[in-house]
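Atoms within each ligand, like the ligands themselves, are counted from 1 in listed order.
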Amino acid sequence: LRTDLLGAIDAAAGLDGLESLRVHALGKQGAITGLLKTLGGMSPEDRQVQGPRIHGLREAVTEALGARKGALEKAVLDARLASERIDMTLPVDAAPPGSVHPVSQVMDELAEIFADLGFAVATGPEIEDDWHNFTALNIPESHPARAMHDTFYFPDDAAGERKMLLRTHTSPVQIRTMIGQKPPIRIIAPGRTYRSDSDATHTPMFHQVEGLVIDKGITLGHLKWTLETFLKAFFERDDVVLRLRPSYFPFTEPSAEVDVGYTMVNGKRVIGGSEGWMEVLGSGMVHPKVIAACGLDPDEWQGFAFGCGIDRLAMLKYGMDDLRAFFDGDIRWLRHYGFAA
Ligand code: PHE
């Protein structure tokens, strides 16, 4: 029995075969199990002889099973390693490189143009409180401008104290900057803004860039020169014409909306000349109340501010016609306008 079993174990070709050998020898009905059971009926003398033999057989078989199992498992693993070998030196399909989104591109262009004019880039939170977004900007609780902003509000906290909202414009960065640093101030603040509004020219999330200058003796002339210089540099043309229309913003006085002139070329509006006008930004001289709300003396410090839609600027410069496509993340759209390879 011993030679038979050990020979069969050594010859077992697979783990399944080995398992049935184990059952055959050591299982409940197994040959060795059967022998062990006979020990109980033997005379003490026989048992003394047979006991060690049978137990020795069991040990030898158990050991042989374990050794064979290890060998078979190793063979299986070796085969798998050989078949799944990866050639690390094979060339891979190159993933297409990422590309810059037009909005990021325009933000970079703005930062560069204004850096040349001595403006730093400032930022503020997109989740704002009511005071920075409205009150400090001379838009008190009951002001109709609040309703006009289609604000996304967060639910009031337990105390109903500080109303939080998604900033409806980048103008709260004016407030944070005037509070946070000493004048003279020259900053632009590009970033995301939110209003509950959606059609071909409005998306609930959009981008603005704020401009703010606070210094001594700042006039409307400085504002006009700055905007003209900025828009000529941005559209890369000297024939950019600006039109300032008197307007109203609670945080500037006087206020002006700025149109830029365009010419029709092959049925498309091209910036330059003055065949037609397109509104591109809101601006004005910072209201003395706003300067005072930030703890500065309006008799000492004056300035101008402007706010401009970045997505609109990108559309005008690069010829896109549907704002919503900006935020679809479709690489084919980027490719179409030359933003992706
Ligand atoms: N915050 C205004 C808007 O979103 C734009 C603006 C900014 C106007 C600064 C004047 C001065 O419409």
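Relative orientation of the His143 and Tyr248 rings is parallel, given thresholds of 30° and 60° on the angle between their planes. Under the 30°/60° scheme for interplanar angles, the aromatic rings of Phe327 and His101 are found to lie parallel.
Backbone and side-chain nitrogen or oxygen atoms of Gln208 are examined, and one is located within less than 3.5 angstrom of a nitrogen or oxygen of ligand 1. Polar contact with ligand 1: absent for Thr168 (N/O pair, distance under 3.5 Å).
With a heavy-atom cut-off of 4.0 Å, Phe251 touches ligand 1 through its side chain alone. In Ser283, the part holding a heavy atom less than 4.0 Å from any atom of ligand 1 is the backbone. Contacts with ligand 1 closer than 4.0 Å are made by no heavy atom of Met285, backbone or side chain.
The environment of Leu1 atom CG is dense: over 12 non-hydrogen atoms of other residues, nucleotides or ligands sit within 6.0 angstrom.
Salt bridge Lys289/Glu253: absent, no basic N to carboxylate O contact under 4.0 Å.
Of all atoms in ligand 1, numbered sequentially from 1 with element shown, those under 4.0 Å from a heavy atom of Gly307 are 5 (C), 6 (C), 7 (C), 9 (C). Taking every non-hydrogen atom of Ser171 and a distance limit under 4.0 Å, the qualifying atoms of ligand 1 come out as 1 (N), 7 (C). Against a heavy-atom cut-off of under 4.0 Å, Gln174 is close to the following atoms of ligand 1: 9 (C).
One distance of note links CD1 of Ile32 with CD1 of Ile54; it measures 9.5 Å at 0.5 Å rounding. Rounding to the nearest 0.5 Å places OG1 of Thr226 at 11.5 Å from NZ of Lys224.
Remark: distances from the non-hydrogen atoms of Arg195 to ligand 1 include one below 4.0 Å.
A pairwise comparison of heavy atoms in Leu26 and Leu65 identifies CD1-CD1, 3.8 Å as the closest pair.
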